[in-house]
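Letters A, B, ... mirror the listed sequences (proteins, then strands); counts begin at 1. These numbers come from a predicted model, not from an experiment.
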Protein chains: 2
Amino acid sequence: MSGKRSLIRSGTTVDQMVRAIGDRIVTGFLRPGEKLDEASLAARFDVSRTPVREALGRLSAMGLVERRPNRGATVAVVTQEHLASMFESMAELEAICARFSAERMTAGERRALEVEHQASARLVQLAAEEDYEYFNTEFHTRLYRGAHSKHIYELTVMTRSRLAPFRRAQFMLPGRLAKSWQEHDVIVTAIMRGDGAAAGNAAKDHVSIVSEASAVFAAVDPMKSETDSIGVSSYK
Amino acid sequence: MSGKRSLIRSGTTVDQMVRAIGDRIVTGFLRPGEKLDEASLAARFDVSRTPVREALGRLSAMGLVERRPNRGATVAVVTQEHLASMFESMAELEAICARFSAERMTAGERRALEVEHQASARLVQLAAEEDYEYFNTEFHTRLYRGAHSKHIYELTVMTRSRLAPFRRAQFMLPGRLAKSWQEHDVIVTAIMRGDGAAAGNAAKDHVSIVSEASAVFAAVDPMKSETDSIGVSSYK
DNA sequence: CGAAAGGCAATTGCATACACTTTTTGCCTT
DNA sequence: AAGGCAAAAAGTGTATGCAATTGCCTTTCG
């Protein structure tokens, strides 16, 4: 190849490829079921096939692409059943994190959770969807960390990343912001008084509602009729 | 390279490498923290470095090896905290599977579970550790499948595979076989009567006991004093 | 004598070349 | 005209070579 790959960010070439391809999948630029040709990708990003192959391998491990021996890689196609299964798992994992957080969070962690949560109330009043989504991610990450269990944290973050494409639109539903905050409030209250069971139930309900909100968008997905499956392009 | 790779089993070369290296890690032949040199591994298995690299990438995704850019790969070192975290996660995941199984298993699945469970009683009487371990794996796999949730299944199987090295010795403890069967019996009974909560609690207790049994072995691990961490070589 | 800087060997990362598998296309047969 | 077979083209899997980074060792200066 001729040109440099100077315009891409730092890190190893493979890391950049994982981010680049992963982003295009998550944002729906690459559609589910679409074939990922190694040579084309290599040419597209001006690298050789070797890092492309390694990136595809990692993305396959992440569940974003599917690979069959000697038959190449395709953008993972997520069926309705599998999507439901992932949301269900997410609800259970969040419940575990909330329960453990209620039982194990340090005083500092509890305080930080409470402070940030209260601060986010302003974003609801301002209807600042973008900022609220950022704080929402932070909030949940605090719960995951508060569980003080590295493996649970890994499983939860992994599942969340796989669901990322399907959660984008949740705050576009009218009144979702305020409802989300209220649900957070129930979780926080339970955690502050150390009630693990209540925190877990509240967290599970919270995710279930998000799941249903996303299902609304999935249902009107124009791709659905085509393949009877829902892909990451749902939000385009 | 000169020779063929005909003596290894079928599948792509990378698959074989993953199995070969993974087995050596799981069985403790390769010790935690040990450096995995690409060229040496390639020479050892008579392949080029390319499939070795890809295999190391997959094993890294599995959590069996750790990789740092430009610094090569090493056999993953599992700290006591992380090990405890994984067992804890396993207990929660098994609980979820058992609960869902109680609620969702088909009549056929319930029958098969019951039949196989009853059949395994003979293995306890015969003190057939090897065979019982096989049935034990089958039993738990039935629970994972019975949850009828693909993602939960994936998370559970993944966690189990990462814990595999640490579960080997559990049945070597005196009386563990009979106790294991009795614990299975509680789970099966709860599932048969559709009591999700009871099945979940029983499953959680079951794993917790396994965890403690493994902790016994971990505690006497000779490597422990060396690195203050527990590796897959515990059972050699 | 110790510490830091520079060079050297070893190893990883990427590119390219080759081999094998799969798929497609075109021709021949029925 | 339709179906099947064969050959070529496309694409993946593996091997090897080269560049770049890392860690160690030596050397030199304080």
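For Thr13(B) and dT14(D), the shortest distance from a side-chain N or O to OP1 or OP2 is below 4.0 Å. Contact between the side-chain N/O atoms of Ser48(B) and the OP1/OP2 oxygens of dA15(D) is found at a separation under 4.0 Å. A close approach under 4.0 Å does not occur between any side-chain nitrogen or oxygen of Lys35(A) and OP1 or OP2 of dA10(D).
Between the P atom of dC14(C) and the CD atom of Glu54(A) lies a distance of 7 Å, rounded to the nearest Å. Taking atom CD of Glu38(A) as the reference point, atom C1' of dT14(D) lies 12 Å away to the nearest angstrom. As rounded to whole Å, 13 Å separates atom C1' of dT12(C) from atom CG of Leu41(B). For Arg53(A) and dG13(C), the CZ to C1' distance is 16 Å, given to the nearest whole Å. Atom-to-atom, CZ of Arg67(A) to P of dT22(C) comes out at 15 Å; the value is rounded to the nearest Å.
Considering only residues two or more places apart in sequence or on other chains, Ser161(A) meets the side chain to side chain donor-acceptor pair (under 3.5 Å) condition with none of them. Residues satisfying the ring-ring contact (aromatic ring centres under 6.0 Å, His included) criterion with His140(A), sequence neighbours excluded, are His184(A), His206(A). Not counting sequence neighbours, Glu66(A) has no partner by the side chain to side chain donor-acceptor pair (under 3.5 Å) test. For Lys150(A), the salt bridge (Lys or Arg N to Asp or Glu O under 4.0 Å) criterion is met by no residue, not counting sequence neighbours. Among residues two or more places apart in sequence or in another chain, the side chain to side chain donor-acceptor pair (under 3.5 Å) test is passed with Ser60(B) by none.
When distances are taken from the side chain of Val14(B) to each of dG11(D), dT14(D), dT12(C), the shortest belongs to dT14(D).
To the nearest 0.5 angstrom, Leu123(B) atom CG is 10.5 Å from Glu129(B) atom CD.
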Taking only N/O atoms, report every protein-nucleotides 18-24 of chain D pair under 3.5 Å with atom names and distance.
| from | atom 1 | to | atom 2 | distance (Å) |
| --- | --- | --- | --- | --- |
| dG23(D) | OP1 | Arg71(B) | NE | 2.7 |

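Shown here, dT30(C) forms a base pair with dA1(D); the pair counts as Watson-Crick or G-U wobble because both key distances fall under 3.5 Å.
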